[in-house]
Enquirer: 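This is the structure, below, for whatever I ask next.
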Protein chains: 4
Amino acid sequence: MIRDLSFKEVNVGDAAQLSKTISEADVYGFAGISMDFNPLHVDSEFAKTTRFEQRVAHGMLSASLISAVIGTSLPGRNTIYLGQTLKFTAPVFIGDTITARVEIVEKKDEKNILKLKTEVVKQDDTVVVEGEAVVMKK
Amino acid sequence: MIRDLSFKEVNVGDAAQLSKTISEADVYGFAGISMDFNPLHVDSEFAKTTRFEQRVAHGMLSASLISAVIGTSLPGRNTIYLGQTLKFTAPVFIGDTITARVEIVEKKDEKNILKLKTEVVKQDDTVVVEGEAVVMKK
Amino acid sequence: MIRDLSFKEVNVGDAAQLSKTISEADVYGFAGISMDFNPLHVDSEFAKTTRFEQRVAHGMLSASLISAVIGTSLPGRNTIYLGQTLKFTAPVFIGDTITARVEIVEKKDEKNILKLKTEVVKQDDTVVVEGEAVVMKK
Amino acid sequence: MIRDLSFKEVNVGDAAQLSKTISEADVYGFAGISMDFNPLHVDSEFAKTTRFEQRVAHGMLSASLISAVIGTSLPGRNTIYLGQTLKFTAPVFIGDTITARVEIVEKKDEKNILKLKTEVVKQDDTVVVEGEAVVMKK
């Protein structure tokens with residue numbers, strides 16, 4: 001469902017999330033779109049030589065699920081995405097299931113600005129991305 | 001060519017960039033991978049009703065080219081991507097050609113940390129994404 | 001239809017072909033799979049500065065249709081593809097319709113080897129790829 | 001990083017390479033773009049009945065990485081790809097990591113023509129594609 005909540009309808013504490021198991025096709029498709037063929041993402045022989053020991057999904061791929069939650073669920077379409085901070089705190093491997101969660105932490109009434117705490121976690125609750133989004137919503 | 005520059009080899013002021021014309025296939029592929037099916041990105045009838053008047057590429061798609069430059073060119077593979085701030089300052093439409101530029105603005109020798117100014121611009125030099133990346137490189 | 005013609009069933013002069021209009025999505029997908037992000041293929045601003053004046057499809061993309069004809073039609077599946085020569089003689093642009101044609105020009109009975117003349121042409125009959133394939137078929 | 005080396009800047013003996021683990025998504029994407037739906041590539045039940053016993057990546061997929069190295073690295077963009085010979089010497093399976101290597105073996109000064117030895121090898125150094133490329137570079 002694509003929601004379209006107005007600024008008035010949302011409140012501090014409201015939260016939403018989306019989950020997905022990251023497939024090899026996701027990582028390869030993302031590499032093709034972004035031109036990010038860092039061998040850590042697409043070369044398993046190279047990846048074995050790193051401390052991760054296997055191919056790692058792009059951090060921006062995980063982060064892109066945050067945008068999905070904001071733009072389809074909270075507050076939904078017609079949201080103006082103004083900014084995002086991201087810390088990449090742990091690797092996501094092919095086959096990991098990640099959940100992007102957003103929670104409204106501040107409403108600035110004068111300009112219809114919302115701040116959201118944003119994080120992406122794996123199936124074992126390891127935080128893989130954390131940060132904050134700033135959006136405008138009518 | 002995938003570079004792998006050491007911390008010692010890079011200096012404040014070093015810069016690199018990558019360019020791509022954003023195709024409809026990019027936007028749809030990105031939607032499929034990220035689950036970001038905000039109609040602003042994939043519904044041209046809906047998009048006509050917005051102030052943008054046409055489908056807009058995902059901000060995170062543009063941002064993902066920053067990661068491509070960092071991970072393949074400056075400083076290249078074996079870079080640990082620690083964080084990224086993003087401001088989305090203008091829309092990218094299907095058919096726009098974007099260039100992601102990164103420039104080293106600070107070296108913290110004690111921990112092999114680099115700060116990079118990052119921005120994505122369109123063919124007419126409009127800045128569409130701006131921010132800062134923090135990476136670690138041996 | 002996927003054919004599977006035996007060595008005995010095919011004769012010098014037999015021919016087959018396949019046609020496709022090359023889409024932007026084909027070119028971008030091919031770039032993503034092959035990692036061939038030569039800006040001539042995916043950067044329309046750069047392409048404008050070249051003698052081609054627009055983005056050009058990968059030569060290997062056109063050539064890959066030759067393999068399609070051989071492996072699905074003449075002689076079909078269970079063909080062992082031994083070799084291919086390719087001359088790239090004209091550019092293919094997004095929107096061009098190309099036809100890959102193969103024709104058996106030699107049968108070497110002792111080793112079940114077939115030589116095929118292979119060419120790819122555009123809608124205006126310009127030859128874009130020409131060469132020869134060598135295959136083995138039982 | 002996309003290089004653009006001039007004819008004068010490159011020398012016999014110069015070499016470059018690119019590596020990628022071939023995913024199922026690569027093979028299926030390549031099949032969709034090339035229309036090469038030979039069941040050897042996309043039908044695991046059929047593939048079990050062949051001497052390869054599993055699905056095999058398209059030979060042209062492996063070959064396409066040669067074009068990537070030439071067009072982005074040696075000599076880089078603005079190279080005119082004139083011709084390529086290919087021998088397919090061993091199968092590539094899903095999950096194999098392949099490396100495309102090119103090396104300049106001849107410079108023809110009068111016409112700015114370069115000949116390159118081209119080969120694609122797997123993680124165990126098996127040669128899967130070998131041949132020669134001819135390009136023109138200013």
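Predicted, not measured: the structure shown is a model, and the values here were computed from it.
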Enquirer: Using a 4.5 Å heavy-atom cutoff, which residues in residues 37-45 of chain C come close to chain D?
Expert: C/F37, C/N38, C/P39
Enquirer: Look at atom NZ of C/K122 and say whether more than 12 heavy atoms of other residues, nucleotides or ligands are closer to it than 6.0 Å.
Expert: yes
Enquirer: How far apart are the closest heavy atoms of C/K20 and D/I33, and which atoms are they?
Expert: NZ-O, 2.7 Å
Enquirer: Please report the shortest heavy-atom distance between C/S64 and D/F30, naming the atom on each side.
Expert: CB-CZ, 3.6 Å
Enquirer: To the nearest 0.5 Å, what is the distance between OG (D/S62) and CE (C/M60)?
Expert: 10.5 Å
Enquirer: Counting heavy-atom pairs closer than 4.5 Å to chain C, which one of D/H58, D/R51, D/E132, D/M35 comes out on top?
Expert: D/M35
Enquirer: Which atoms of D/F52 come close to chain C, meaning under 4.5 Å heavy atom to heavy atom: side chain ones, backbone ones, both, or neither?
Expert: side chain
Enquirer: If you count heavy atoms of other groups shown closer than 6.0 angstrom to NZ of C/K107, is the number above 12?
Expert: yes
Enquirer: Specify which of C/L82, C/V129, C/I2 makes the most heavy-atom pairs with chain D at under 4.5 Å.
Expert: C/L82
Enquirer: Could you please state which residues from residues 66-81 of chain C sit under 4.5 angstrom from chain D, measuring non-hydrogen atom to non-hydrogen atom, sorted by number, or 'none'?
Expert: C/S67, C/A68, C/G71, C/T72, C/R77, C/N78, C/I80, C/Y81
